[in-house]
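Read the structure below first, then the notes.
Computation of the quantities below employed the complete heavy-atom set of this structure, encompassing side-chain atoms and omitting hydrogens, waters and symmetry-equivalent molecules.
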Protein chains: 2
Amino acid sequence: MIHQRECPVETLIHVLGGKWKPMILWQLIESNKRFNDLEKLIPDVSQKMLSQHLRDLEREGIVDRTIYPTIPPKVEYSLSEYGKTLIPVAEVMCAWGENHNKRKYKESAS
Amino acid sequence: MIHQRECPVETLIHVLGGKWKPMILWQLIESNKRFNDLEKLIPDVSQKMLSQHLRDLEREGIVDRTIYPTIPPKVEYSLSEYGKTLIPVAEVMCAWGENHNKRKYKESAS
DNA sequence: CTGCATCCCAAGCGATACTG
DNA sequence: CAGTATCGCTTGGGATGCAG
């Protein structure tokens, strides 16, 4: 089933619309991270949501998951080459959001 | 309360994260529209959600709402000057989403 | 015509417990 | 260490009815 969306903007929103997904991406842009690292770096995320979001991002091809079959197990998450195409998009979104937050702050302070 | 978000990307997602918001913006970019016009142009939207999303977008300063005190009442929605700053952002998002949809189609067809 | 109010369902998310 | 399973709360959204 092709299921062409009317507006591709919704596609993007769906891809990084999860509560913690932007934060996860943000961390992986900086450097590869293990599951436990992400858990510590994103204080309020639950294991369930971290796991679920990582699985979502993996399925979309945004992040790669490398398993080292050691004991104890080690799993490393990284931004895929394709995932890196999201960076400029995220930067544009970030710039607008930052400005919007400032705007809202100013008007509530007036 | 200032409530600074950690990642401004979330701010943007919150602004146009509603199910029909991208579609509404899309329509208002093209030209000003009345409530009833939007209802017809976006076939599956419910009155409740259309109203609620328009109110959200208005509160964020994205759309302007002009009331003509006629009988029957006429209300026109338009993209505000500030709202127009969203257009380039939406275009970037749209381009990525379009490519992502193609990618997903190809891999499911392989 | 342009809404708001109400009720209801589905999805998203959080907390806790358990596993290889 | 890196998860999965289950439950329950909270939010988003659809359907219907009512109002200025």
*asked:* Is B/Tyr77 close enough to C/dG3 that one of its side-chain N or O atoms is under 4.0 Å from OP1 or OP2 there?
replied: yes
*CZ of B/Arg55 versus P of C/dA5: gap in Å, rounded?*
11 Å
*Can you get from B/Trp96 to A/Trp26 by hopping between Ile, Leu, Val, Met, Phe, Trp and Tyr side chains that sit under 4.5 Å apart?*
no
*Passes side chain to side chain contact (heavy atoms under 4.5 Å, CB included), B/Asn99 versus A/Tyr82? Steps please.*
CA-CA 11 Å; B/Asn99 179 64; A/Tyr82 176 63; 3.9 Å; yes
*asked:* side chain to side chain contact (heavy atoms under 4.5 Å, CB included), that's the test. Do B/Glu91 and B/Ile87 meet it? Break it down for me.
replied: CA-CA 6 Å; B/Glu91 277 170 356; B/Ile87 298 182; 3.9 Å; yes
*Set of salt bridge (Lys or Arg N to Asp or Glu O under 4.0 Å) partners for A/Asp64, sequence neighbours left out*: none
_Nearest non-hydrogen partners of A/Ser78 and A/Asn32, listed with the distance_ = CB-OD1, 3.2 Å
*asked:* Treating A/Lys21 as the side-chain partner and A/Lys19 as the backbone partner, does any N or O pair qualify as donor plus acceptor under 3.5 Å?
replied: no
*Could you tell me whether the side chain of B/Leu12 reaches within less than 4.5 Å of the side chain of B/Leu86, counting heavy atoms only?*
yes
*End-to-end bend of the helix from C/dC1-D/dG20 to C/dG20-D/dC1 (five-pair axes, 10° rounding)?*
40°
*Quickly work out the B/Glu10 CD to C/dC13 P distance and round it to whole Å.*
11 Å
*Return the value, rounded to whole Å, for the distance between atom CG of A/Leu54 and atom P of C/dC13.*
14 Å
*Mind listing the residues from residues 61-76 of chain B sitting with a heavy atom below 4.0 Å of DNA chain D? Number order is fine.*
B/Pro73
*Answer yes or no: is there a side-chain heavy-atom contact under 4.5 Å between B/Lys48 and B/Gln52?*
yes
*Side-chain touch A/Val75/A/Phe35, heavy atoms, less than 4.5 angstrom*: no
*Below 4.5 Å, heavy atoms only, C-beta onward: do A/Val92 and B/Met93 meet side chain to side chain?*
no
*Do the side chains of A/Ile67 and A/Leu50 join up, straight or via other hydrophobic residues, at under 4.5 Å, putting them in one cluster?*
yes
*For DNA chain D, which nucleotides open and close the run of contacts to chain B, 5' to 3', at under 4.0 angstrom from a non-hydrogen atom?*
D/dG13 to D/dG20
*Near DNA chain D, under 4.0 Å by heavy atom, which residues of residues 27-52 of chain A?*
A/Arg34, A/Phe35, A/Asn36, A/Gln47, A/Lys48, A/Ser51
_Residues which pass side chain to side chain donor-acceptor pair (under 3.5 Å) with A/Arg65, listed by chain and number, not counting sequence neighbours_ = A/Tyr77
*asked:* Any heavy-atom pair between the side chains of A/Leu16 and A/Ile24 that's under 4.5 Å?
replied: no
